[in-house]
Amino acid sequence: MLIREQLNVYRKVALAFKELHGADREIGFVRAPGRLNTLSMHSDHRGSLINPISINKEIVTCYSPRCDDVIQVHDLNPAFASNRQFTLSEEIPPRDVDTVNAWLAWTQQQTNNRQDKDINNDWVNKLKAVPVYLKVLYPDRDLTGFDAVINSNIPAGVGLSSSSAIVVTTMEIMTEINQILLNNDQFVNYCGIAEWFVGTRGGSGDHAAIKLGKVGMITHLKTIPQ
């Protein structure tokens, strides 16, 4: 039953992609689960273990690379306003944003500007986070974008990391289509820093749980306060 349900989700996003973009595109799929902290929530900043698990709520994405740097995503969830699109070259920061501290300061400025315009909560900002940060990391590479359809059953705003799941999904797609090779440590660290773009100031624990979680296993994470 579970396998059949999963296949139906993949079929749903693939058919939606076909309807929007035609049947002659090469496509790929990415999934990213939500996560639940079983013990020690918010104690990691004191050096304690946190113990998240991946859950059976997830984002499933059907995507296809583009030849330009446009990123266009259609969300099948009726609670969201369908399409979001942006051009990466119009979002990248100045060249002097080349350190983590500079990224922190610049993303705070961007967040303040969006808050003044009352657009900071638009989910397009979650889509922008990874591509913009990858451009900071690889300023001389011409990063290409993608078209995608996503379907998520992770409830938003209830502490199951629906936002971080979008960030992990986008990192999976961008590194694949742009042939960027990252080890697991780099992947989850970059995800955590990239998500600062939306105005949060968290770490990479959620992204590690999403990326590295295994069925039936608890992920033990520990930080070392500086």
Side-chain angles (χ1 to χ4, degrees), residues 1-36 53-88 90-91 119 121-132 134 143-158 160-180 182 187 191 194-195 198 206-207 209-215:
M1 179 64 71
L2 179 60
I3 293 176
R4 185 180 301 113
E5 291 176 356
Q6 290 295 95
L7 289 174
N8 285 336
V9 172
Y10 281 81
R11 182 174 183 271
K12 180 179 180 180
V13 294
L15 289 176
F17 189 95
K18 176 183 176 182
E19 182 177 345
L20 288 169
H21 302 292
D24 58 346
R25 301 276 294 274
E26 180 179 346
I27 61 173
F29 294 93
V30 171
R31 65 172 292 276
R35 73 92 190 95
L36 177 68
I53 58 173
S54 300
I55 61 175
N56 63 349
K57 303 295 184 182
E58 63 185 359
I59 293 176
V60 174
T61 303
C62 177
Y63 71 94
S64 183
R66 297 175 60 108
C67 296
D68 54 22
D69 67 340
V70 172
I71 293 173
Q72 179 179 224
V73 179
H74 179 84
D75 193 336
L76 294 181
N77 189 334
F80 295 94
S82 291
N83 289 324
R84 286 293 182 272
Q85 177 177 314
F86 64 94
T87 303
L88 178 55
E90 296 176 355
E91 303 290 337
I119 58 173
N121 292 329
D122 193 317
W123 65 276
V124 71
N125 298 313
K126 301 170 187 176
L127 299 174
K128 292 178 180 180
V130 165
V132 174
L134 286 177
L143 301 180
T144 57
F146 58 91
D147 295 318
V149 173
I150 65 175
N151 185 76
S152 175
N153 62 2
I154 305 174
V158 296
L160 297 179
S161 287
S162 58
S163 296
S164 293
I166 292 177
V167 171
V168 171
T169 294
T170 310
M171 184 69 79
E172 295 277 18
I173 296 172
M174 286 296 294
T175 54
E176 171 66 23
I177 65 176
N178 289 288
Q179 300 181 348
I180 298 173
L182 303 178
F187 187 102
C191 281
E195 195 166 342
V198 305
D206 291 347
H207 312 90
I210 292 168
K211 172 68 173 174
L212 305 176
K214 298 180 180 180
V215 175

Could you tell me which non-hydrogen atom of S164 sits nearest to which non-hydrogen atom of D206, and how far apart they are? OG-CB, 3.8 Å

Roughly how far apart are I71 CD1 and F146 CZ, rounded to 0.5 Å? 4.5 Å

Flag the pair N125 / K128 as yes when at least one side-chain heavy-atom distance between them is below 4.5 Å, and no otherwise. yes

Do E176 and V30 have side-chain heavy atoms sitting under 4.5 Å apart? no

On a heavy-atom basis, which atom in C62 and which in A14 lie closest, and how many Å separate them? SG-CA, 4.1 Å

From T170 atom OG1 to L127 atom CG, the distance as rounded to the nearest 0.5 Å: 5.5 Å

Taking side chain to side chain contact (heavy atoms under 4.5 Å, CB included) as the test, write out the residues that go with E19, two or more places apart. none

Ignoring hydrogens and angles, tell me if any N or O in the side chain of N178 forms a donor-acceptor pair with the backbone of I180 under 3.5 Å. no

Heavy-atom closest pair, residues L143 and M174: CB-CE, 4.3 Å

Taking side chain as C-beta onward, heavy atoms only, is H207 less than 4.5 Å from E195? yes

If every non-hydrogen atom of V132 is compared with every non-hydrogen atom of E91, which pair is closest and at what distance? CG2-CB, 3.8 Å

Mind checking the CZ-OG1 spacing from R66 to T144? Nearest 0.5 Å is all I need. 10.0 Å

Report the C-alpha distance between H21 and Q72 in whole Å, list the side-chain angles of each, state the deciding distance to 0.1 Å, and finish with yes or no for side-chain contact (heavy atoms from CB on, under 4.5 Å). CA-CA 11 Å; H21 302 292; Q72 179 179 224; 3.4 Å; yes

Report yes if the side chains of D147 and F17 come closer than 4.5 Å at any heavy-atom pair, otherwise no. yes

CZ (F29) and OG1 (T61) are apart, to the nearest 0.5 Å, by 10.0 Å

For A23 and K18, which heavy atoms make the closest approach, and how far apart are they? CB-CE, 3.9 Å

With rounding to the nearest 0.5 Å, note down the distance linking CG in N151 to NE2 in H74. 10.0 Å

Separation between CZ (F187) and CD1 (I210), nearest 0.5 Å, reads 9.5 Å

What one should report as the nearest heavy-atom pair of S152 and N77 is O-ND2, 4.1 Å

Apply side-chain contact (heavy atoms from CB on, under 4.5 Å) to residues M171 and L134 and explain how you reach the verdict. CA-CA 9 Å; M171 184 69 79; L134 286 177; 4.0 Å; yes

Can you check whether E90's main-chain N or O pairs, donor with acceptor, with D69's side chain at less than 3.5 Å? no

Salt bridge check, D122 against R84: does any charged N sit closer than 4.0 Å to a carboxylate O? yes

